[in-house]
Amino acid sequence: MSEDRYLTFALAKGRLANKTMELLEKIGITCEEMNDKDSRKLIFVNEERKLKFFLSKGPDVPTYVEYGAADIGVVGSDIIMEENRRAYEVLDLGYGKCRMCVCGPKSAKELLQHHEMIRVASKYPNIAKDYFYNKKHQTVDIIKLNGSVELGPIVELSDVIVDIVETGSTLKENGLEILEEICPLSARMIVNQVSMQMEPERIKKLIMDLKQYV
Ligand code: PRP
């Protein structure tokens, strides 16, 4: 593959992208242009290393990678599970650690034990569906929300929620608790399947270098 081809990274914007840039810096990869926090630029280039970086909403990262608009993506494993896009998952980066859980008021615990028909609110309908239908064999009504999911049981939209728990303080402050744990989560690196064939040396070297720090 031509030395002049850019390797493009799609990063989930926010804390994960900042952590990723810190990690890349440890292996000598930087992007000066990204340090200007006031900039509204969407794509950043490191000409010397022939690298491009762009920031996107988390759920769009696997989409960019599947279609080859980005060679490499960094995103939470929650989103990888939810989006179920075609890409190689090559590295657990070890940060962004949290848990996917079924949460609700203490009183809802019983509803999970008797396979009752319940309402589940979530930003992650596919993960919720897989958990309740395939693992628990419980028929549930899944309601998709786009954020502040903890509101679900509080305003009686749903009995429980399926959501990310990091410190647990959102649950605590809203009188909710973890009822069941679905799986641990962390930031992952994913690679476009064609890019892996076209640029094996460059991508494998990147993975090997990063492995020293994760
Ligand atoms: C996430 C998640 C929980 C909260 C958990 O929401 O959906 O609401 O963080 O974190 P904690 O356990 O440390 O309290 P986020 O802040 O991404 O916003 P959102 O609710 O609008 O999705």
Side-chain angles (χ1 to χ4, degrees), residues 9-23 34 37 40 42 53-65 70 73-85 87 89 92-109 111-112 118-136 138 140-190 214:
F9 290 72
L11 309 177
K13 62 176 151 192
R15 260 182 305 171
L16 228 52
N18 297 338
K19 280 266 191 190
T20 303
M21 292 316 291
E22 280 170 32
L23 176 65
M34 280 178 100
K37 299 293 170 213
R40 301 286 293 170
L42 293 172
F53 300 87
F54 65 82
L55 304 176
S56 78
K57 289 261 187 194
D60 295 337
V61 169
T63 312
Y64 286 115
V65 174
V74 175
V75 69
S77 49
D78 51 325
I79 286 168
I80 295 174
M81 284 164 70
E82 180 63 24
E83 297 296 319
N84 200 22
R85 293 279 181 180
E89 190 180 316
D92 182 345
L93 296 167
Y95 47 82
K97 280 194 174 167
C98 47
R99 293 173 289 165
M100 185 63 73
C101 298
V102 181
C103 310
K106 202 190 196 105
S107 58
K109 201 168 176 84
L111 301 175
L112 300 171
I118 55 168
R119 281 181 163 182
V120 180
S122 186
K123 257 197 312 197
Y124 302 92
N126 293 328
I127 294 176
K129 207 178 289 171
D130 179 59
Y131 182 68
F132 279 100
Y133 291 7
N134 300 331
K135 303 219 169 64
K136 282 181 65 80
Q138 182 169 7
V140 295
D141 185 7
I142 292 166
I143 303 167
K144 164 93 201 273
L145 289 178
N146 293 296
S148 303
V149 179
E150 290 82 358
L151 273 172
I154 299 172
V155 301
E156 295 180 10
L157 172 74
S158 67
D159 299 291
V160 296
I161 59 172
V162 165
D163 200 18
I164 285 174
V165 180
E166 192 180 353
T167 61
S169 44
T170 312
L171 290 179
K172 201 166 168 208
E173 286 185 33
N174 291 290
L176 306 174
E177 55 186 68
I178 295 173
L179 303 173
E180 287 177 0
E181 199 170 315
I182 300 178
C183 61
L185 302 166
S186 58
R188 304 291 161 93
M189 179 169 279
I190 55 174
V214 299

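Order of listing sets the numbers, starting from 1, for every ligand and every atom in it.
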Query raised in the report: Can you find a protein heavy atom closer to atom 15 (P) of ligand 1 than 4.0 Å?
Result: no

Query raised in the report: N/O to N/O below 3.5 Å, does that happen between Lys123 and ligand 1?
Result: yes

Query raised in the report: What atoms of ligand 1 come within less than 4.0 Å of a heavy atom belonging to Ser169?
Result: 12 (O), 14 (O)

Query raised in the report: With only distance considered, is Val149 within less than 3.5 Å of ligand 1 through an N or O on each side?
Result: no

Query - Distance flag for atom 18 (O) of ligand 1, protein heavy atom under 4.0 Å - result: no

Query raised in the report: Under 4.0 Å from any heavy atom of Ser148, which atoms of ligand 1 are there?
Result: 19 (P), 20 (O), 21 (O)

Requested in this report: Number the atoms of ligand 1 from 1 as they appear, then name those within less than 4.0 Å of a heavy atom of Glu150, with their elements.
Outcome: 3 (C), 8 (O)

**Report entry** Check ion pair Arg15-Glu166 (N to O, under 4.0 angstrom)
**Finding:** yes

Report task. To the nearest 0.5 angstrom, please state how far the NZ atom of Lys129 sits from the CD atom of Glu82. Result -> 8.5 Å

Query raised in the report: Of all the atoms in ligand 1, which lie at a distance below 4.0 Å from a heavy atom belonging to Ile164?
Result: 2 (C), 3 (C), 5 (C)

Report summary line: Atoms of ligand 1 under 4.0 Å from any heavy atom of Val165, numbered from 1 in the order shown, are 12 (O)

**Report entry** Candidate list Asp130, Asp163, Asp78, test side chain to side chain donor-acceptor pair (under 3.5 Å), partner Tyr124, passing option
**Finding:** Asp78

Query raised in the report: Can you tell me which residue and heavy atom of the protein come closest to atom 7 (O) of ligand 1, and the distance to 0.1 Å?
Result: Asp163 OD2, 2.8 Å

Query raised in the report: Looking at CD1 of Ile182 and CD1 of Ile127, how far apart are the two atoms once the value is rounded to the nearest 0.5 Å?
Result: 7.5 Å

Report summary line: Quick look: Thr167 vs ligand 1, heavy-atom contacts under 4.0 Å, and the answer is both

Report task. For Ser186 and Gly94, indicate whether the former's side chain and the latter's backbone hold a donor-acceptor pair under 3.5 Å. Result -> no

Report task. Please confirm whether the backbone N or O of Leu112 pairs with a side-chain atom of Lys136, one donor and one acceptor, at under 3.5 Å? Result -> yes

Requested in this report: Kindly indicate whether atom 1 (C) of ligand 1 is approached by any protein heavy atom to under 4.0 angstrom.
Outcome: no

Report task. For Thr170, counting its heavy atoms only, list the atoms of ligand 1 lying under 4.0 Å from any of them. Result -> 4 (C), 5 (C), 10 (O), 11 (P), 14 (O)

Query raised in the report: Quick one: NZ on Lys123 to CD1 on Ile161, what's the gap to the nearest 0.5 Å?
Result: 10.0 Å

Report task. Can you confirm whether something in the protein, heavy atoms only, sits under 4.0 Å from atom 12 (O) of ligand 1? Result -> yes

Query raised in the report: Is the number of heavy atoms from other residues, nucleotides or ligands within 6.0 Å of CZ (Arg119) greater than 12?
Result: no

Query raised in the report: Between Phe54 and Tyr64, what is the ring plane arrangement, given parallel below 30°, perpendicular above 60°, and tilted in between?
Result: perpendicular

